[in-house]
Amino acid sequence: MGSFIVTGEKNPFLSWFTAGLKDVFSSAGYRYAQKLEEAVGIVFHCINKERPRPFRRKAQATFVVSILEREDEPEHVFKSAYPYLIKSLANHLIYIVRTSEKTDVYFVTPEQGFYKIPYNPGQEAFFFRRVFKRLEPIASSQLVINNHFSEDLHETLANGNEITRKISLSGKKLDKMNLLPAPFPLEEYLTFRDMRRLKKLYGIGGLSFGNLSSRQDEKRFWMSASGINKANMKVIGQDILCIKGYNPEKNAMEISIPPHVTPRRASVDRALDDL
């Protein structure tokens, strides 16, 4: 199991909430770090509504979950929550809306994922088990940011095949159905300095969400590249990538590309055990 730590500004409610996180993760075998270590896997970082300061990572692979509480019901929960995910440079946001009538805990992802777990007093154990179930897949995987490209894609695949054509067609269909997420306007929420940090951390200068992928064989799969228009995927190695494995020494995705192609990156992702 990995390690985790809790940081940031905590009011009484967030102290209770993070203590519950600590207990449920510790009981599942995760080690609570007494001080920040480079090897820590996940950081639960409490932020302030007025000044949502980001956690300063010491390693790219550190996964940060920002936690924010507010005591009033916003008109549109997602629209009010999402900027805090971006401003705090987090991988995930726990957005707690607590009023005199109810407490709802929302989970927000950069891909605009949105999920709610209500809290009912007297059901603490059940509540924190649900929270753990939501976060455990993140905590147990490994963040992969780097890419390693090899010009070794076989000539029979250099121009794609039936699988890549289906991926391209699927992107067009999703666009016609208005189901492709729109890029989030980062520049409206981040300072120039934070934009530079975001690019340095993740190798991206903007966000374009969601992926399309399909297996080529037992060892390789095709995947849409990061930051592209998924309604117009054409070029192998730029729009659609052949992922052939994971290099643990470099903590990098291994990608096959045709010769003489300037590749785009694979999406920032977390390595799966069966890759």
>> For His45 and Thr7, which I'm curious about, is there any donor-acceptor pair between the side chains at under 3.5 Å?
In response: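 The answer is yes; a qualifying pair exists.
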In terms of relative ring orientation, are [X] and [Y] parallel, tilted or perpendicular, with 30° and 60° separating the classes?
X: Tyr30; Y: Phe4; result: perpendicular
X: Tyr115; Y: Phe107; result: tilted
X: Phe78; Y: Phe114; result: perpendicular

>> Are there over 12 heavy-atom neighbours, none belonging to Asn159, within less than 6.0 Å of that residue's CG?
In response: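 Count not over threshold, so no.
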> Taking all atoms of both residues into account, what is the closest heavy-atom pair of Lys244 and Asp152, and its distance?
Replying inline: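 Looks like NZ-OD2, 2.6 Å.
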>> Show the nearest heavy-atom pair for residues Ile257 and Gly237, with the distance to one decimal.
In response: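 For Ile257 and Gly237, the tightest heavy-atom pair comes out as CG2-CA, 4.1 Å.
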With a 4.5 Å cut-off on side-chain heavy atoms, are [Y] and [X] touching?
X: Cys46; Y: Phe17; value: no
X: Val105; Y: Arg130; value: no
X: Ile67; Y: Leu21; value: yes
X: Cys242; Y: Ile236; value: no
X: Lys230; Y: Asp175; value: no

> Is Asp217 paired with Arg220 through a side-chain N to carboxylate O contact shorter than 4.0 Å?
Replying inline: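 Yes, this pair counts.
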> Do you know which of Ile163, Leu212, Ile228, Thr164 makes side chain to side chain contact (heavy atoms under 4.5 Å, CB included) with Ile240?
Replying inline: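 Answer after filtering Ile163, Leu212, Ile228, Thr164: Thr164.
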>> Name the residue from Phe13, Tyr106, Trp16 that meets the ring pair (Phe, Tyr, Trp, His ring centres under 6.0 Å) definition with Tyr119.
In response: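 Single ring pair (Phe, Tyr, Trp, His ring centres under 6.0 Å) partner of Tyr119 among Phe13, Tyr106, Trp16: Trp16.
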>> Lys116 vs Val77, test: side chain to side chain contact (heavy atoms under 4.5 Å, CB included). Steps then yes/no.
In response: CA-CA 10 Å; Lys116 181 180 77 172; Val77 177; over 6 Å; no
